[in-house]
Amino acid sequence: MEDTIHVPNPKVPEPMRRSVLAGDATEADVDSIRRRTSVYVYEAPVRLWHWLNAAAIMVLIVTGFLIGRPLPTMQIAEAYDQFIMGYIRFAHFAAAMILTVGFFGRIYWACVGNHHARQLFYVPVWRAAYWRELVVELRWYLFLEDEPKKYVGHNPLAQLAMFFFMTLGLTFMLVTGWALYAEGAGQGSLPDSAMGWVLGLVQNSQRLHTLHHLGMWAIVIFMIVHIYAAIREDIMSRQSMVSTMISGHRTFKDDRAE
């Protein structure tokens, strides 16, 4: 018969404390469980937006690259029998519309959700503590700190990156993208009425294409760094990272406050 580990419950008299951990749990395992805590951080709409947003961006990157550098002539049929680039453009436009609706939905949830939902849309530059913690995080990512701090939401460096590359970056990509779509939709169309002014501001269609294309590469670089940082922090930091955007709970690996 396997040994069992009894977890004391202060609300129950000693003789009646029968809580048992299954499997090969040891006293050290029980102590670890007592120390580990979690906080519900990201609500379901935030998590849903995150993954839909990621999928839409991936589609936009692939199709956008192919629109900027079209496929070579395919020797499978005459051009009038194919619609390859048409399907690629359709996928790009569809993903852009999903991204647009999702972004406005995310703004709405920042207003009605918990305070962590608002962290994406501002950087507390007026707080001296923010700048001090930002320096600590920079040192941590450069392997100059022995141990990171604990955060419930985004750490200061992540908040800064998310604001510039997601909030401002996505706004830039949506504005320039819809301006390019307005050019194709023609004068007097709804996209032209909403975003036609951007082309007039830039003064050159090719320049607008170039700005939109450069924005795509900025998003690509951000995604690479974001994935690396999330996996690195999940392994090396004192709290969960990847699983938090799945379950919504930030799990901490120790019970120290700092």
Side-chain angles (χ1 to χ4, degrees), residues 39-61 63-64 91-127 130 134 151-183 185 189-199 201-202 208 211-227 229-230 241-242 244-250:
V39 178
Y40 187 60
V41 180
Y42 299 123
E43 299 160 301
V46 173
R47 305 196 308 274
L48 178 63
W49 173 81
H50 177 274
W51 296 113
L52 284 177
N53 194 57
I57 288 175
M58 284 300 300
V59 172
L60 286 164
I61 288 172
T63 56
H92 192 79
F93 298 153
M97 292 175 186
I98 292 172
L99 190 77
T100 303
V101 173
F103 191 63
F104 279 105
R106 183 65 178 83
I107 293 172
Y108 167 76
W109 197 259
C111 298
V112 302
N114 63 20
H115 68 279
H116 297 295
R118 293 187 282 276
Q119 201 175 18
L120 182 71
F121 295 97
Y122 74 97
V123 179
V125 295
W126 57 88
R127 290 177 47 219
Y130 169 81
L134 179 65
Y151 294 96
V152 175
H154 291 305
N155 67 56
L157 187 59
Q159 184 175 5
L160 184 66
M162 293 295 288
F163 177 76
F164 275 101
F165 285 96
M166 283 289 99
T167 305
L168 299 184
L170 284 185
T171 299
F172 175 82
M173 294 302 288
L174 289 173
V175 169
T176 55
W178 278 105
L180 290 170
Y181 188 82
E183 186 180 20
S189 64
L190 180 59
D192 179 66
S193 300
M195 288 297 172
W197 59 271
V198 178
L199 183 59
L201 183 66
V202 177
L208 186 60
L211 290 172
H212 192 67
H213 194 73
L214 289 174
M216 178 199 77
W217 285 113
I219 296 294
V220 169
I221 293 170
F222 167 75
M223 287 181 64
I224 294 171
V225 175
H226 176 62
I227 293 170
M241 194 63 59
V242 177
T244 301
M245 198 48 75
I246 298 174
S247 68
H249 288 268
R250 179 83 72 201

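Values reported hereafter were calculated over all heavy atoms of this structure, with side chains retained and with hydrogens, waters and symmetry mates removed. Count residues from 1 along the sequence.
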Within the supplied structure, the quantity of interest is the number of heavy atoms (other residues, nucleotides, ligands) at a distance under 6.0 Å from Y40 OH; does it exceed 12? yes

Could you tell me whether the side chain of F165 reaches within less than 4.5 Å of the side chain of I221, counting heavy atoms only? no

Quick check: closest heavy atoms across A182 and S189, and the distance to 0.1 Å? O-OG, 4.4 Å

Within-4.5 Å side-chain heavy-atom neighbours: W51 and I246: yes

Out of curiosity, L208 CG to L180 CG, how far, rounded to the nearest 0.5 Å? 4.0 Å

Restricting to pairs with a member in residues 115-124, which pass side chain to side chain donor-acceptor pair (under 3.5 Å), not counting sequence neighbours? Q119-Q159

In terms of heavy-atom contacts, M195 and A179 come closest through O-CB, 3.7 Å

Any pair counted as side chain to side chain donor-acceptor pair (under 3.5 Å), so long as it reaches residues 162-178, sequence neighbours left out: T100-W178, T176-H212

Would you find more than 12 non-hydrogen atoms of other residues, nucleotides or ligands less than 6.0 Å from M58 atom CE? no

With a 4.5 Å limit on heavy-atom distance, are the side chains of V41 and Y151 in contact? no

All heavy atoms of V198 vs all of V175, minimum pair found to be CG2-CG1, 3.6 Å

Heavy atoms from other residues, nucleotides or ligands near CZ of F164 exceed 12 (cutoff 6.0 Å): no

N/O donor-acceptor pair under 3.5 Å between N114 side chain and A117 backbone: yes

CE (M173) and CG (L214) are apart, to the nearest 0.5 Å, by 9.5 Å

CD1 of I219 to CG of L170: how many Å apart, nearest 0.5 Å? 5.5 Å

To the nearest 0.5 Å, tell me how far I57 CD1 sits from I98 CD1. 12.0 Å

Heavy-atom closest pair, residues N155 and L157: OD1-N, 3.0 Å

Under the ring pair (Phe, Tyr, Trp, His ring centres under 6.0 Å) test, residues paired with F163 that sit two or more places apart: none

Does any part of the side chain of M223, heavy atoms only, come nearer than 4.5 Å to the side chain of I61, both counted from C-beta? yes

Residue list, side-chain hydrogen bond (donor to acceptor under 3.5 Å, both in side chains) with H213, at least two apart or on another chain: W217

Could you walk me through whether M97 and Y181 pass the side-chain contact (heavy atoms from CB on, under 4.5 Å) check? CA-CA 11 Å; M97 292 175 186; Y181 188 82; 4.1 Å; yes

W49 meets the side-chain hydrogen bond (donor to acceptor under 3.5 Å, both in side chains) criterion, sequence neighbours left out, with none

Show your reasoning for whether side-chain contact (heavy atoms from CB on, under 4.5 Å) applies to F222 and M166. CA-CA 9 Å; F222 167 75; M166 283 289 99; 3.7 Å; yes

Set of side-chain hydrogen bond (donor to acceptor under 3.5 Å, both in side chains) partners for Y42, sequence neighbours left out: R250

Which heavy atom of V242 sits nearest a heavy atom of A230, and at what distance? CG2-O, 4.1 Å

Does F172 form a side-chain contact (heavy atoms from CB on, under 4.5 Å) with L168? I'd like the steps, not just the answer. CA-CA 6 Å; F172 175 82; L168 299 184; over 6 Å; no

How far does CE of M216 sit from OG1 of T63, to the nearest 0.5 angstrom? 9.5 Å

Over all atoms of both residues, closest heavy-atom pair of L60 and A96: CD2-N, 3.7 Å

For T244 and R47, run side-chain contact (heavy atoms from CB on, under 4.5 Å): C-alpha distance rounded to whole Å, both residues' side-chain angles, the deciding distance at 0.1 Å, then the answer. CA-CA 9 Å; T244 301; R47 305 196 308 274; over 6 Å; no

